[in-house]
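Both counts, for ligands and for their atoms, begin at 1 and track the order of listing. When reading the values below, keep in mind they use all heavy atoms of this one structure, side chains included, and skip hydrogens, waters and symmetry mates. Residue numbers run from 1 in the order of the sequence given.
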Amino acid sequence: MNAHGLLPRPSTVRPGPGAFTLVPETALDAPRELASVAAWLRATLGPPTGCALLPPQGPEQGRLTLALDPDLGAEAYRLRVTSSGVWITGGDAAGVFNGAQVFRQLLPPAALRRAPVAGAPMTAPAVEIEDRPAYGWRGCMLDVARHFMPKADLLRFVDLLALHRLNVLHLHLTDDQGWRLEIAKYPRLTSVGGWRPASMLGSRQHETVVGRPHGGFYTADDVREIVAYAAERFVTVVPEIDLPGHTQAVVAAYPELGLRPTEVRTGWGVSEDILDLTSPAALEFCRDVLDEVMELFPSSHIGIGGDECPGDPAARAVFIGAVAEHVAAAGRTPYAWDEILEGGATPGTTVAAWRGPKATTVAARAGHRVVACPDMSVYLDYRQSESPDEPIPIGPPLTLRDVHAFDPVPADMDERDRPLVIGAQCNVWTEHMEDARAVDYMVFPRLCAFAEVVWAAERTPYEEFAGRLEVHTARLDALGVEYRPKEGPKPW
Ligand code: TNX
């Protein structure tokens, strides 16, 4: 049995006799503390099923029952479907939400649409599921700097993460090619730094010339909305302001903070036009920006970048150290790429280890908590096969099978360091993804394999996963996700 094509795979799935069918009278019973999960479920399942899922009116009415049982633990849940009802019990509200996501997957794919389609009765097979996540940080980094992702698309992306029981959206908000967050104290960051002209000549990684001017940014209210929307889906938005490298757009807006005047970058690669690492004004700027960022984003972790910074390594270490301390002084946890280790990172900094599994080992050895994201395993900007028909053939191929084979904990890691690996994230750098369609193609279905890796403690053979994915792709179809077909690149 393929566990009903559930993805990621729950810890235990025991089939029972019979099935439960949602009908217009089906009720939804939830205690007060779960009102927001109930509202989400009603709003999500109501339209495609034609069931209002109102609170029960009488004892004999068929119903879904949401409940809490703290003994289950954080994010864990038990889901029981019988012919007489559905019970979703979570260790906490996030656990109930996870169970509700799995219940959605037990229904026919049409249950994931936004309006009813003819035919499909809304029946879920009887089953008893007990489930908990392997890791607490199950993330995806999305680069909205190289190509801006409009708010509506970002909200849809949050829904797709939540469907796969991922719980962190790391937003890479700034880079050489664009600044995407409104900062009240520095309006030119978005009025100037948020836009770039129509030249991509000089592109390092491939020869295509992208001829379109590009730009966009999120206002403070957009961010409040995105953060709240994600929180309702138990997804934490972790912002990243990439410092002190990757700051050419800042210098374009405020030349006095840089080494020389410049423009918003129109090529990819690593820029030499960055903040002046010796300038007190540049450091003051970073502190001011992060103060506004921390006001907008309630996440425990605040991304400060730290990657690929040219110039004097000692000056860089001092600068990023001061930035990390500012974040820590505000009671938050600095979150930085593994280059931060080169100067001896501020204790308490969580490290995003991207330069191979070795970076994960080194970061943990130095006593840091680590989010594993080695490029050769989880960089979803790398092409999906050797085929010349892949949209932009950059990077080495990173197949679905490669992602499925990923283990956040490197094989040679010391037993005592393992608890420092708090999870993993896949990274979606968007130099070559101009819009949500292009992101869909690169992210799916590899994100499904990634979700399996960070959720399921017990790994099953690739073929077993692939069988479930086959069922799952019908759900992606219902949602309108333009994943890469397993047969190969789309016939563009
Ligand atoms: C390296 S990974 C970068 C990004 C690029 C990416 C392309 C990291 C921290 N920095 O600036 O977009 O490679 O794969």
| Out of Glu431, Glu240, Gln177, His246, whose heavy atom sits nearest atom 12 (O) of ligand 1? | Glu431
| query | Applying a strict 4.0 Å limit to heavy atoms, is Glu339 in contact with ligand 1? | reply | no
| said: Measuring from atom 14 (O) of ligand 1, which candidate in Asp381, Asp176, Thr430 has the nearest non-hydrogen atom? | reply: Asp381
| said: Using a 6.0 Å cut-off, check whether atom CD of Glu295 has over 12 heavy atoms from anything other than its own residue. | reply: no
| What are the atoms of ligand 1, with element, lying closer than 4.0 Å to any heavy atom of Glu308? | 1 (C), 3 (C), 4 (C), 10 (N), 11 (O)
| request: Check whether any N or O atom of Asp143, backbone or side chain, sits under 3.5 Å from an N or O atom of ligand 1, and answer yes or no. | output: no
| task | Classify the angle between the aromatic ring planes of His214 and His147 as parallel (below 30°), tilted (30 to 60°) or perpendicular (above 60°). | result | perpendicular
| message | Is it the case that ligand 1 has an N or O less than 3.5 angstrom from some N or O of Trp337? | response | no
| request: Pick one of side chain, backbone, both or neither for how Tyr379 approaches ligand 1, counting any non-hydrogen atom pair under 4.0 Å. | output: side chain
| Are Asp221 and Arg224 close enough for a salt bridge, meaning some N to O gap below 4.0 Å? | yes
| said: I'd like to know if Glu452 pairs up with Arg9 as an ion pair, taking the criterion as any Lys NZ or Arg NE/NH1/NH2 lying under 4.0 Å from an Asp or Glu carboxylate oxygen. | reply: no
| Would you call the rings of Phe217 and Trp195 parallel, tilted or perpendicular if under 30° counts as parallel and over 60° as perpendicular? | perpendicular
| ligand 1 N/O within reach of Asp307 N/O, cut-off under 3.5 Å | yes
| message | Taking CE in Met376 as the centre, count heavy atoms belonging to other residues, nucleotides or ligands within less than 6.0 Å. Is the count above 12? | response | no
